Amino acid sequence: MNQNIVTPSILPGFLELLPQDQMIFNRMLDVIRSTYERYGFIPLDTPVIEKSEILLAKSGGETEKQIYRFNKGDNDLSLRFDLTVPLARYVAQHYYELTFPFRRYHIGKVYRGESPQKGRFREFYQCDIDIIGNENLNIINEAEVLSIIYSTFKALGFDRFTMRINNRKVLNGFFEWLNVQNKADVLRVIDKIDKIGSEAVARELGSMGINSGVAQEILRFIKIKGKPEEMIEGLKEMNVDNELFKLGVEELEQVCSHIRYFGIPQENFALDLTIARGLDYYTGTVYETILNDYPSIGSVCSGGRYDSLASNYTEKKLPGVGISIGLSRLFYQLKEAGILKADTASTPTKLLIIPMKETMSNSLDIATKARQSGIPTEVYFNEGKMGKKFGYADKLGIPFAMVIGEDEVNTGMFRLKNMKTGEQETVNIDELISKIKGYSIENTSL
RNA sequence: GUGGUUAUAGCCCAGUUGGUUAGAGCGCCAGGUUGUGGCCCUGGAGGCCGUGGGUUCGAGUCCCACUAAUCACCCCA
């Protein structure tokens with residue numbers, strides 16, 4: 001027994017995938033990235049490690065508890081816990097070199113040292129977009145964000161999802177009007193109404209010192225349901241005498257009217273007054289997206305409008321709007337729900353070339369040609385039985401394989417085997433390439 | 001931080017009121033089949049039954065402690 005062997009394991013809360021899942025995951029990443037770029041968002045990559053003073057500039061309870069913080073020499077360092085704070089630092093730091101509105105996307109891992117749970121990780125991918133204005137930012141951006149979410153989830157292969165929005169000004173104005181002091185606590189409670197029901201919400205409101213008349217008023221308000229136009233009418237009819245509230249209702253109305261120009265179907269969009277995402281920095285529209293068939297997954301894409309992105313790092317006023325897809329969680333939940341495509345390959349390879357001993361150099365030539373034509377190609381180098389070589393292609397899900405022997409080299413004609421059907425076709429090199437490329441185009445999807 | 005559940009092969013699991021040498025399926029390796037995979041058949045490797053202690057003639061099984069995993073709450077993507 002070798003005493004030096006360490007049991008291989010990773011820390012809990014860290015997700016790593018087997019090849020087949022990683023292939024799917026990466027395809028989702030690609031879809032998200034290309035959708036973001038189609039809207040003209042600029043890629044950004046920032047360090048995973050930042051100075052602690054940067055990440056903790058805005059001290060807040062949860063953040064400080066969850067952040068991975070450590071020392072190296074005299075440096076006080078931390079792992080980023082989201083992509084928004086690094087964005088704020090970046091924009092403030094490079095303010096004079098950037099062009100506004102600054103539209104950036106950022107796909108990367110973030111770290112939170114909390115106790116791991118189902119679909120909750122200590123290291124996970126976030127796919128963020130944000131639009132940062134200089135001094136001001138037109139509200140139509142808040143409608144465009146919905147268009148981006150819509151396009152992204154469509155491209156990921158979903159049809160039945162609902163983008164729900166609310167407006168924090170409406171909530172805050174309403175609470176001001178009711179003289180509710182601990183707005184943040186109340187928001188947190190009403191955000192849970194779908195989960196725990198209105199009675200429990202009333203109870204919790206009571207236990208935090210809200211008198212029952214006000215609690216009933218709050219419940220009546222968050223129960224306004226219906227089509228967006230009806231809900232906006234309903235909000236107006238409440239005759240809330242508060243400027244912030246009125247402004248919020250107006251913003252909701254504008255966002256709802258703008259989304260028509262983006263071609264978003266009605267069934268994918270809804271107002272929901274119970275959404276109160278993010279406890280502090282959102283100041284306007286807030287977004288949540290749920291998959292209709294899997295409501296228990298919860299929000300798969302969240303975000304909102306904020307007035308001041310980088311107030312901890314600059315005097316400049318930088319309003320913005322952004323959203324984030326928690327891809328690790330989304331992927332995990334989709335896998336749990338059993339709705340990931342089953343018959344996917346474990347490798348990008350489309351063609352496996354099996355050389356005979358004497359045809360190795362010819363085989364490598366053919367592989368080079370195939371690769372130059374854009375076909376991911378592998379050559380099987382190990383010696384052994386034919387069965388094992390084809391078995392390799394089979395196990396990895398490589399769609400095409402062919403043996404290169406002397407006959408093939410002499411005639412320039414190859415027996416291309418379709419691994420799925422078992423059929424073999426005799427083709428020359430050009431036919432071989434177009435055949436595989438045609439197949440790849442047909443079968444590229446999630 | 002609070003509470004619950006679980007721990008047996010690489011994976012998912014079975015293992016009777018405590019009883020001899022701990023099992024199946026999947027996966028892996030080899031052979032049946034040396035230029036053709038999947039299906040089938042045959043064989044094989046792989047276990048300090050999480051760790052430590054206790055009860056007992058005897059513990060995978062009962063008790064205690066520890067450790068780890070996991071779920072819920074909190075908060076969040």
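Since this is a predicted model, take the numbers as computed values, not measurements. By convention in this document, chain letters (A, B, ...) are assigned in the order of the sequence lines, proteins followed by strands, and residues within each chain are numbered from 1.
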- Name the one of A/Thr283, A/Thr84, A/Asp130 that satisfies side chain to side chain donor-acceptor pair (under 3.5 Å) with A/Tyr306?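 Result for side chain to side chain donor-acceptor pair (under 3.5 Å) with A/Tyr306: A/Asp130.
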Report task. Have a look at A/Glu251 and tell me which of A/Arg305, A/Lys169, A/Arg168 forms a side chain to side chain donor-acceptor pair (under 3.5 Å) with it. Result ->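 The single option meeting the side chain to side chain donor-acceptor pair (under 3.5 Å) with A/Glu251 is A/Lys169.
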Taking atom CG of A/Leu18 as the centre, report whether more than 12 heavy atoms of other residues, nucleotides or ligands fall under 6.0 Å from it.
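No.
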What integer distance in Å separates [X]:[atom1] from [N]:[atom2]?
| X | N | atom1 | atom2 | answer |
| --- | --- | --- | --- | --- |
| A/Leu18 | B/C12 | CG | P | 12 Å |
| A/Ile32 | B/A77 | CD1 | C1' | 12 Å |
| A/Leu83 | B/A77 | CG | C1' | 10 Å |
| A/Met28 | B/A77 | CE | C1' | 13 Å |
| A/Arg122 | B/C75 | CZ | P | 19 Å |
| A/Arg120 | B/U70 | CZ | P | 13 Å |
| A/Arg112 | B/C74 | CZ | C1' | 14 Å |
| A/Leu396 | B/G27 | CG | C1' | 15 Å |

Between the side chains of [Y] and [X], is the shortest nitrogen-to-carboxylate-oxygen separation below 4.0 Å, so that they form an ion pair?
| X | Y | value |
| --- | --- | --- |
| A/Arg89 | A/Glu50 | yes |
| A/Glu423 | A/Lys417 | no |
| A/Asp159 | A/Lys154 | yes |

Checklist line | Intermediate values then yes/no, salt bridge (Lys or Arg N to Asp or Glu O under 4.0 Å), A/Asp21 and A/Lys335 | finding: CA-CA 9 Å; A/Asp21 286 339; A/Lys335 189 173 158 61; 2.9 Å; yes
Of the candidates B/C28, B/A77, B/A69, the side chain of A/Gln126 sits closest to B/A77
Are a donor atom and an acceptor atom from the side chains of A/Glu288 and A/Ser299 found within less than 3.5 Å of each other?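 No.
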Residue pair A/Cys301/A/Gly13 against RNA chain B: nearer the 5' end by closest nucleotide is A/Gly13
[atom1] spacing across the pair [N] / [M], given as an integer number of angstrom:
| N | M | atom1 | answer |
| --- | --- | --- | --- |
| B/C64 | B/G1 | C1' | 26 Å |
| B/G37 | B/C28 | P | 16 Å |
| B/U20 | B/G60 | P | 10 Å |
| B/A14 | B/U6 | P | 12 Å |
| B/A45 | B/G23 | P | 13 Å |
| B/A24 | B/G47 | P | 15 Å |
| B/G52 | B/U67 | P | 15 Å |

Could you walk me through whether A/Glu144 and A/Arg103 pass salt bridge (Lys or Arg N to Asp or Glu O under 4.0 Å), step by step?
CA-CA 12 Å; A/Glu144 190 191 37; A/Arg103 298 159 66 86; 3.0 Å; yes
Review point. Is there side-chain contact between A/Ser147 and A/Ile264, with at least one heavy-atom pair below 4.5 Å?
Key: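 Result yes, sub-4.5 Å side-chain heavy-atom pair found.
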TODO: Assign A/Tyr125 to base, sugar-phosphate, or nothing according to its heavy-atom contacts below 4.0 angstrom with the strands shown.
DONE: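 Result for A/Tyr125 = nothing.
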Aromatic rings A/Tyr111 and A/Phe14: how do their planes relate, parallel, tilted or perpendicular, breaks at 30° and 60°? tilted
Expected string for nucleotides 31-37 of chain B under the B/S/- scheme (protein heavy atoms, under 4.0 Å, primed atoms plus P, OP1, OP2 as sugar-phosphate) is SS-SBBB
Verdict with reasoning, A/Lys435 to A/Glu425, per salt bridge (Lys or Arg N to Asp or Glu O under 4.0 Å)
CA-CA 10 Å; A/Lys435 201 96 199 158; A/Glu425 269 184 281; 3.3 Å; yes
Listing time: all N or O pairs from protein to nucleotides 1-9 of chain B that are below 3.5 Å?
none

#### Entry: Candidate pair A/Arg33 and A/Asp30, rule salt bridge (Lys or Arg N to Asp or Glu O under 4.0 Å), full reasoning
CA-CA 5 Å; A/Arg33 179 182 296 113; A/Asp30 288 344; 3.2 Å; yes
So the stems of RNA chain B, runs of at least three Watson-Crick or G-U pairs (under 3.5 Å), are B:1-7 with B:67-73, B:28-32 with B:40-44, B:50-54 with B:62-66
